[in-house]
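Note that ligands are numbered from 1 as they come in the structure, with each ligand's atoms numbered from 1 the same way. Heavy-atom basis, side chains included; hydrogens, waters and symmetry copies ignored. Note that the structure is predicted; figures quoted are calculated from it, not measured.
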Amino acid sequence: MTIDITTTIDLSHGGPMPLFGLGTFRSPRGEPTRNAVTWALDTGYRHIDTAAIYGNEADVGAAIRDHEVERAELFVTTKLAKEDHGYESGLRAFDASLDRLGLEYVDLYLIHWPGGGPREESWRALEEIRASGRARAIGVSNYAVDHLREVLDQGSVVPAVNQLEIHPFNFRSRKEIVELCRQHDIAVEGYSPLAKARRLENDTVQEIAGAHDRTAAQVLIRWALQHRFVTIPKSSDRDRIRENADVFDFHLDEDQMRRLDALDEDFTTSWDPREVE
Ligand code: NDP
C-alpha cells in the first residue's frame with residue numbers, strides 16, 4: 001500500500017478527500033494561522049480543517065486565497081458550532097462561515113457536536129446547503145453509534161464523514177463507532193492524532209520511532225494513515241508542520257501496528273461522543 005501526501009479517499013458523495021491534512025484548533029487567529037496554512041500549503045498539504053468555534057476561519061481563508069495553489073486542488077472543512085444547531089440557525093451559521101472564509105464553497109461541512117440543540121434540524125440544513133453546491137460534502141463529528149443510527153434513519157443523505165478523536169490510546173474504545181461508519185461507507189476522520197502531544201513519551205511509541213529513526217509524532221500519524229483514517233495533525237510551527245508531513249517514506253509493519261493498537265486506555269483529550277444522548 002503506497003500512500004503519499006496527495007492520497008485521497010473517495011467519499012460516498014462529494015469526494016475525493018485527501019487522507020492527510022492540517023488541523024487548526026487553537027491555531028491563534030491572525031498571523032499565526034495565516035502562516036501555518038501558508039507553510040502547510042508550501043509543504044504540500046492540500047487539506048485544511050477549521051471550524052466556526054476556532055475563531056480563525058478568516059485567516060484560513062485569507063491564506064488559501066493568497067496562495068498560488070488552485071482552490072480546486074484544495075479540500076477545506078469547516079463546522080457548525082453546537083450553539084447554532086437548528087434549521088434556520090444552521091443555514092445562517094453556514095453563510096457566516098463561508099463569508100468569513102471568503103470562499104465560494106467548502107469541500108466538507110460538519111455538525112461539530114451532536115449535543116446542545118436539535119441536531120435533526122441541523123442535518124436538514126446541511127442537506128439543503130449540500131444541494132445548493134456550497135458544501136460539496138456534508139458530515140458529522142463526534143457522533144457515537146446512536147447518533148449515527150439516528151441520522152441514517154432520519155436523513156435523506158448519508159453523512160460522507162464522521163470526524164472523531166482517534167489515536168492508539170483510544171482506538172479500541174472507538175471500534176464500534178468505526179465499524180458502523182465503515183458498514184455505511186462513512187469515511188472515518190481521526191482528530192487529535194497526536195493525542196494533543198500528551199503521549200509522545202510513551203515507551204512503545206518511542207521504541208517504534210527509534211526503530212525507524214523517526215519522531216513519535218510521525219509514528220502516530222503513520223499509524224492513522226495505515227488504518228485509512230483521514231488524519232489532521234495540528235501545528236502552528238513551521239518545522240513541526242514539515243515534520244508531520246514527512247511520513248510517506250516509511251512503513252509500520254504488522255507487529256508494530258498491533259502493538260500501537262494495543263495502547264488503548266480510553267483516553268479522551270477533547271470530547272467523548274458516548275456522553276451525549
Ligand atoms: P493534535 O493531536 O493534532 O496535537 C496538536 C498538538 O501537538 C499541538 O499542541 C501542537 O503544538 C503539538 N504538535 C504538533 N506536531 C508536533 C510534533 N511533530 N511534535 C511535538 N508536538 C507537536 O491535536 P488537535 O486536538 O489539534 O487535533 C488536530 C485537529 O483535529 C485540530 O486542530 C482540529 O482541526 C481537529 N479537531 C476536531 C475536533 C472536533 O470536535 N471535531 C476536536 C479536536 C480537534 P504546535 O502547534 O506548537 O506544534
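Placement of Val276 and Ile177 in two distinct hydrophobic clusters is found when ILVMFWY residues are connected by side-chain heavy-atom separations under 4.5 Å, directly or transitively. No continuous path of hydrophobic side-chain contacts links Tyr105 to Ile129 [ILVMFWY only; heavy atoms under 4.5 Å].
Annotation: atom 32 (O) of ligand 1 to nearest protein heavy atom, Phe25 N, 2.8 Å. For atom 47 (O) of ligand 1, the closest non-hydrogen atom of the protein is Arg240 NH2, 2.8 Å. For atom 28 (C) of ligand 1, the closest non-hydrogen atom of the protein is Ile232 O, 3.1 Å. Counting only heavy atoms of the protein, atom 24 (P) of ligand 1 lies nearest to Ser192 OG, 3.6 Å. What sits closest to atom 7 (O) of ligand 1 on the protein, heavy atoms only, is Ala197 CB, 3.5 Å.
Ligand-side atoms of ligand 1 in range of His112: 39 (C), 40 (O), 41 (N), range being under 4.0 angstrom from any heavy atom. Annotation for ligand 1: atoms under 4.0 Å from non-hydrogen atoms of Gln163 are 37 (C), 38 (C), 39 (C), 41 (N). Every atom of ligand 1 is numbered from 1 in the order shown, and the set under 4.0 Å from a heavy atom of Trp271 is 40 (O). Remark: ligand 1 atoms within the under-4.0 Å shell around heavy atoms of Tyr191 are 30 (O), 35 (C), 36 (N), 37 (C), 38 (C), 39 (C), 40 (O), 41 (N), 42 (C), 43 (C), 44 (C).
Counting non-hydrogen atoms of other residues, nucleotides and ligands closer than 6.0 Å to CD of Gln206 gives a total above 12. Heavy atoms from other residues, nucleotides or ligands lying under 6.0 Å from CG of Asp203 number 12 at most.
No part of Leu110 comes within 4.0 Å of ligand 1, judged by heavy-atom distances. Counting heavy atoms under 4.0 Å from ligand 1, residue Tyr54 touches it through the side chain alone. Contacts between Lys234 and ligand 1 below 4.0 angstrom, taking non-hydrogen atoms only, involve backbone and side chain alike. Within the 4.0 Å heavy-atom criterion, neither part of Thr50 lies near ligand 1. Here Leu164 has no heavy atoms under 4.0 Å from ligand 1, in either its backbone or its side chain. Contacts with ligand 1 closer than 4.0 Å are made by backbone heavy atoms (N, CA, C, O) of Ala195 only, the side chain lying farther away. Only the side chain of Ser141 comes within 4.0 Å of ligand 1, judged by heavy-atom distances.
Annotation: cation-pi pair Arg136/Phe75 absent, no NZ/CZ under 6.0 Å from the ring centroid and within 45° of its normal.
Between Phe248 and Phe20, a ring centre-to-centre spacing shorter than 6.0 Å is recorded. Between His147 and Trp123, the ring centre distance reaches or exceeds 6.0 Å.
Within the set Asp49, Leu200, Asp239, Asn244, the minimum heavy-atom distance to atom 20 (C) of ligand 1 is found for Leu200.
Using a cut-off of 4.0 Å between Lys/Arg side-chain N and Asp/Glu carboxylate O, Asp264 and Lys175 are scored as not salt-bridged.
Under the 4.0 Å distance rule, the nearest protein heavy atom to atom 9 (O) of ligand 1 falls outside the cut-off.
Looking at ligand 1, you won't find any N or O of Asp237 less than 3.5 Å from one of its N or O atoms. Inclusion of Ser270 in the set of residues having an N or O under 3.5 Å from an N or O of ligand 1 is not warranted. Not one N or O of Pro233 is nearer than 3.5 Å to an N or O of ligand 1, by distance alone. Between Leu194 and ligand 1, at least one N/O pair is under 3.5 Å apart. Not one N or O of Lys79 is nearer than 3.5 Å to an N or O of ligand 1, by distance alone.
None of Leu19, Leu108, Ile232 except one satisfies the side-chain contact (heavy atoms from CB on, under 4.5 Å) rule with His47; the exception is Ile232.
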